[in-house]
Asker: 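Sharing a structure with you now.
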Amino acid sequence: MPATVIVGLQWGDEGKGKTTDFLAEQVAMVVRYQGGDNAGHTVVLGGEVFKLHLVPSGVLYPHITSVIGPGVVVNPATLIAELDELAARGVNVDKVRVSRAAHVIMPYHVALDRASEARLGPAKVGTTGRGIGPAYADRAARIGLRMEDLLDPDVVRRKLERILPEKNVLLTTVYGLPPCEADSLVEQARAWGDRLRDHLVDATWLVQDALRRGDHVLLEGAQGTLLDLDHGSYPFVTSSSPVAGGACTGGGIGPLQVDEVIGVMKAYATRVGSGPFPTELEDGLGERIAERGHEYGTTTGRRRRVGWFDAVSLRYAVAVNSVTSIMLNKLDILSGLEEIRLCVAYEIDGRRVEAWPSSAELLARARPIYETFPGWAEEIHDVRSLADLPENARRYVTALEEQAGVPIVLVSVGPERTQTIERAWRPMRHRPPVPS
Ligand code: GDP
Ligand code: IMO
Ligand code: MG
């Protein structure tokens, strides 16, 4: 029963969408296990660009069952819009399934997320403004609505009668916003429930049955390890668990059902929103890489902050996710640079530090210690084997692999599914048959 986890090793936007889409060809099911429509996963297919927020990135294959797992927070309006848009573009969305246990992002979550950020001013987290934090907070406080509740207006009303008085005090008194009306929210929920009824399932059993049949299941993470609520640079993190462990709780599988963890990273680093970023390039070079790499948020359109690759955080991410192999994306973006830097350690308060400290305070004082590599001039979009890469590109990939301590099995040299270098050894194709 093979289950493979795909996890971002940096601050998100590592190209997880491309990786999932690329690997999905070989599997039966793709499950999103956390996050919500804060995610923006891009898949490029034959020149067509698909930007996915909630629907797993395997949806473009007709044979895939796409599952939004119990660990996801769902804004039904976004999901419906995304399903409609995909259908209008000829993608079959009949096999999209949504966990009945996934929590609902309500309009007051979105309003509170935005109002709280505005109030924090310069201390803001720089959230995507999608209501993610407030929705997960209500889930933990046991006052959230679950997707299955949308099927019963009486349940929605009963829950809202308990929740709204407190939310409305916050909205009106603390933030000076209009209150939410139960009647209109109940009607809204009824319409969402009617539209999504056929997609709602007990996702945990759906996934377990697939594994029992021997189907290959891919678990797709959103965000990245350094944005993890527990393991990232708190408080500048998201409110869920992007790490591979989150695939178990959020996907409904046990740790021993995972037999492969594929880490996704790109050849440099980016970060959206606030928070420490030791290797950030705040100069023309950062701008140049951002332009060449189209580093603008898929969800918010914000320009991503850009920096050199940080191997300190890579070693941490490999450890905390038990990464078994890596896909390296966007190597093509570094073509044309005279030299490339790789951060191998930090200096913090005069001391050399090799281990990534998740403390935002320590990270803010970290100065990167770099190794410098010669760059390469050639464009590499059309390269399909490692041996055909310019020697300096190969050297850089080898250095990243040595830092990671696990093999880089796939290297991406362009956004298209086909612009991918596969190494001879590849775990998903060469796994020994499952004993009967
Ligand atoms: P995700 O959130 O991790 O799925 O990543 P995003 O989709 O937000 O951002 C990655 C961006 O890089 C997308 O626009 C992809 O189409 C693009 N991309 C992915 N891999 C490559 C690559 O190897 N080269 C280039 N040039 N673009 C890539
Ligand atoms: P994908 O899946 C990059 C960042 C936000 C902010 C912090 C908290 O496309 O990699 P939130 O709205 O989650 O409460 O914001 O997390 N963030 C992302 N950054 N890629 C993402 O998703 C992100 N999702 C959230 O910018 O700093
Ligand atoms: Mg993204």
Asker: Could you work out, with salt bridge (charged side-chain N to carboxylate O under 4.0 Å, His left out) as the rule, every residue matching Arg302, not counting sequence neighbours?
Answerer: none

Asker: Output side-chain donor-acceptor pairs under 3.5 Å for residues 65-80, partner residues at least two apart or in another chain, one line each.
Answerer:
from, atom 1, to, atom 2, distance (Å)
Asn75, OD1, Ala77, N, 3.0
Thr78, OG1, Asp37, OD2, 2.7

Asker: With sequence neighbours left out, write down each residue that passes side-chain hydrogen bond (donor to acceptor under 3.5 Å, both in side chains) with Glu48, or none if nothing qualifies.
Answerer: Arg89

Asker: Considering residues at least two apart in sequence or located in another chain, which fulfil the salt bridge (charged side-chain N to carboxylate O under 4.0 Å, His left out) criterion with Glu148?
Answerer: Arg100, Arg146

Asker: Apply salt bridge (charged side-chain N to carboxylate O under 4.0 Å, His left out) to Asp230 and list each qualifying residue two or more places apart in sequence or on a separate chain.
Answerer: none

Asker: Can you list everything that forms a side chain to side chain contact (heavy atoms under 4.5 Å, CB included) with Val169? Sequence neighbours excluded, please.
Answerer: Thr173

Asker: Residues in salt bridge (charged side-chain N to carboxylate O under 4.0 Å, His left out) with Arg162, at least two apart?
Answerer: none

Asker: Pair up each side-chain donor or acceptor in residues 236-244 with any protein partner under 3.5 Å, not counting sequence neighbours, and list the distances.
Answerer:
from, atom 1, to, atom 2, distance (Å)
Thr238, OG1, Asn38, ND2, 3.4
Ser240, OG, Gln34, NE2, 2.9

Asker: Name all pairs fulfilling the ring-ring contact (aromatic ring centres under 6.0 Å, His included) condition that reach into residues 59-103, sequence neighbours left out, sorted by first residue then second.
Answerer: Tyr61-His63

Asker: Can you list every pair that meets ring-ring contact (aromatic ring centres under 6.0 Å, His included) and has a residue in residues 245-289, with sequence neighbours left out?
Answerer: Trp11-Phe277

Asker: Residues two or more places apart in sequence or in another chain: which of them pass side-chain hydrogen bond (donor to acceptor under 3.5 Å, both in side chains) with Asp228?
Answerer: none

Asker: Taking only residues two or more places apart in sequence or in another chain, which ones pass side-chain hydrogen bond (donor to acceptor under 3.5 Å, both in side chains) with Ser116?
Answerer: none

